[in-house]
Amino acid sequence: MKVPTMAEYMAEGKQPEVLFWVGCAGSFDDRAKKITKAFVKILNNANVEFAVLGAEESCTGDPAKRAGNEFLFQMQAVTNIEVMNAYDIKKVVTACPHCFNTLKNEYPGLGGTYEVMHHTQFLKSLLDDGRLKIEGGSFKGKKITFHDPCYLGRGNEVYEAPRELIRKLDVELVEMKNCRKKGLCCGAGGAQMFKDAEPGDKEVNIERTEQALEVQPDIIATGCPFCNTMMTDGIKNKEKEDSVIVQDIAELIANAQDL
Amino acid sequence: MEYIPNILFAILLIFGIGYFGKNVKKLSRNINLGKDVDRSDNKSQRWKNMGMIALGQSKMVRRPIAGFFHIIVYVGFVIINIEVLEIIIDGLFGTHRVFTKVLPDSIYGFLIGTFEILAIGVLISVIIFWIRRNIIKLKRFLSAEMKGWPKSDGNIILYFEIVLMTLFIVMNAADISFQQAGNGNVISQYLYPLFEGNVETAHIIEKVAWWLHIAGILVFLNYLYFSKHLHILLAFPNTFYANLKPKGEFVNDANVTKEVMLMMDPNADPFAAPAEGEDEGEPEKFGASDVQDLNWVQLLNSYTCTECGRCTSECPANQTGKKLSPRKIMMDTRDRLEEVGKNIDANKGTFIDDGKSLLNDYITPEELWACTSCNACVEACPVSIDPLSIIMEMRKYLVMEQSAAPTELNVMMGNIENNGAPWPYNQMDRLNWKDEN
Ligand code: SF4
Ligand code: SF4
């Protein structure tokens, strides 16, 4: 797997086409690392010149901001912006809607303006340019449902790019009763991922998993590492891990092509 | 003697409108207790949103049944104001159905006919609304915050509508000259036989219905201030001033930016005296613990909230039994703001600390921490209210002023500070995944 860093590009005096912002989950979480690798395989396969920041990347500060620590968020943001501006970064792609949202919307006000894309948008653009081909492979004819990540959907109104990619997999896309604008949160956002839920009758991810299972899918597609964890846990809780798989759209595309 | 009714009417009108005006002033004073926020950009988009969402009711119809009946009541309300104009002119000048003299018969008949049909439509809709609230007991009208006043408030307005619409029809039905002209009496003609026998009684009934109708409208107008029904007026400014940025974007606190830039700037002298002319003032408080810390749009939001509960019924935390209800956040904000306003009135224009605050006395940290910041409430609100922004401001206060985050969140934040990730991994290991299997 070819994963060049910005420092390496810089040493050669070159600029990559796009910076791949891996994010904390994508770098450290075992489940999310698989998404990261799947995405890199697709990029390599499509001959995209990308680079990562590697050890120079730091948390965007999203969980700090959503938890109410604006100070920590801005410290993180300013540090990251300094690094990115030093490399003269123009275009960023990330597989995490939380990173996507902060980089795209909240960094410009602090001096970091980039063209930011969610990986589903980026893959869609590769598809449109003919640089990427998507075929169903082993997924052909399977029933699949997509869970809208809040920060991609409602937060930034990206609803169609992930769906268009899914349709290319020759699968049957079925929508849950809460989808697009009305999508139900997986329960991880707003820094909830890092703490126990307040007392209630149920965990949010269980509610969402039940909604997904209502449409009897073979696959639950996700577009966010946190959603992925939440849905995977939900499926385990419902003891459905043998019949339903939870995968990120990048994983589905990479797997369909045996990358 | 013959001018007495006109004078009485003028007094009634002046008193009704005057009292309303007084309350509007109080309302705007209260809203202006909030901090400033700039919403003067992109006027054309703002007008468009107001047209679509408030005037066009575009978000109401996302729930088609409620939306449909709401539109009837709304259109009825708006159009019937033309009739009210006629009533006011008649009342002030002692005329009778003055518009029959200025408008061609066909138009007058069409207008009144439309009003009568709408009045029946409103009656039917209101009865359906009443049944939904009181017999079918829709879940979102039963939440904890909907007991007591909010529940009666919801019903009172329905009774108001029933009485006003009935009075309107009766007034028309008992108006013998109007019935004999047979123009526009599409509904009231069926009630006319009850009155046509006795001219005297019919005249009295007509007069009584006329007076009660206009008095009822004035009482209704003045009731608004005390009710969630303020939304029929405030929905317009509220949709106009709503946030136009992507919902995922949360404001970057400018005071924090100043501090951060100072810390990051190697040339800045942290002990330097503030520049000449720059007002040191009180140190800024981060986030919000009370209504004065919120901005005026958030306060306007709280007065606009119709307590419909669409936000709460979409809220993932609420759906899974947690205490958080975005509707309650809005209702609490309004209740506290009213309390602060009354305090100011009682103390000759200044607020005297009452030992209470929006945080804790109204909204508990438990509610605030249950929010996933998913924006479902913001998306669901038919009048563009943003409960999430208030939740976030209060979280900011809890964390930045009180260091009162749940322990696990403190651990997460400590990790970000030390390792650049919410988990305890070394930043140097960020690329390890590349070589793992
Ligand atoms: S943003 Fe918070 S309050 Fe609003 S619906 Fe989501 S969880 Fe509930
Ligand atoms: S905030 Fe909006 S959706 Fe929620 S109760 Fe108030 S008006 Fe209804």
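In what follows, chains are A, B, ... by sequence order, proteins preceding strands, each numbered from 1.
Of the listed residues (A/Glu56, A/Arg208, A/Glu57, A/Lys33), the greatest number of heavy-atom pairs within a distance under 4.5 Å of chain B belongs to A/Glu57. Between chain B and the options A/Ala188, A/Ala197, A/Ala25, the largest number of non-hydrogen pairs under 4.5 Å is found for A/Ala25. Considering only heavy-atom pairs separated by less than 4.5 Å from chain A, the leading option among B/Ala254, B/Cys374, B/Pro316, B/Pro246 is B/Cys374. Chosen from A/Asn178, A/Leu72, A/Thr36, A/Val22, the residue pairing most often with chain B at heavy-atom distances under 4.5 Å is A/Leu72. Interface check for chain A: of the options B/Val251, B/Thr257, B/Asn255, the most heavy-atom pairs under 4.5 Å are formed by B/Thr257. Taking A/Cys185, A/Ala67, A/Ala191 one by one and counting their heavy-atom pairs under 4.5 Å with chain B, the maximum is reached by A/Ala67. For the options B/Cys315, B/Ala376, B/Pro406, B/Gly287, heavy-atom pairs under 4.5 Å to chain A are most numerous at B/Ala376. In terms of non-hydrogen atom pairs under 4.5 Å with chain B, the most contact-rich of A/Gly23, A/Ser27, A/Gly183 is A/Ser27. Most heavy-atom pairs under 4.5 Å with chain B: of the set A/Met75, A/Lys104, A/Glu203, A/Glu82, this distinction falls to A/Met75. For the set B/Glu366, B/Lys322, B/Met428, B/Glu367, the entry with the most heavy-atom pairs within less than 4.5 Å of chain A is B/Lys322.
For A/Glu251 and A/Arg31, the salt-bridge test passes: some basic side-chain N is under 4.0 Å from an acidic carboxylate O. A/Glu106 has a carboxylate O that lies under 4.0 Å from a charged side-chain N of A/Arg66, or vice versa, which qualifies the two as a salt bridge.
In this structure, the portion of A/Glu207 lying under 4.5 Å from any heavy atom of chain B is its side chain and not its backbone. In this structure, the portions of A/Lys65 lying under 4.5 Å from any heavy atom of chain B include both its backbone and its side chain. Heavy-atom distances place both the backbone and the side chain of A/Asn69 under 4.5 Å from chain B.
Ring geometry for A/Tyr151 versus A/His98: interplanar angle of 30 to 60°, hence tilted.
Residues A/Tyr107 and A/Asn80 bring a donor and an acceptor atom of their side chains to less than 3.5 Å of each other. Side chain to side chain, B/Glu145 and B/Ser325 meet the donor-acceptor criterion of an N or O pair below 3.5 Å. Between the side chains of A/Tyr114 and A/Asn85, at least one donor-acceptor pair of N or O atoms lies under 3.5 Å.
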Show the numbers, then the answer: is there a side-chain hydrogen bond (donor to acceptor under 3.5 Å, both in side chains) between A/Thr232 and A/Asn228?
-> CA-CA 6 Å; A/Thr232 306; A/Asn228 192 303; 3.1 Å; yes
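Side-chain rings of A/Phe194 and B/Trp423 approach one another, their centers coming within less than 6.0 Å.
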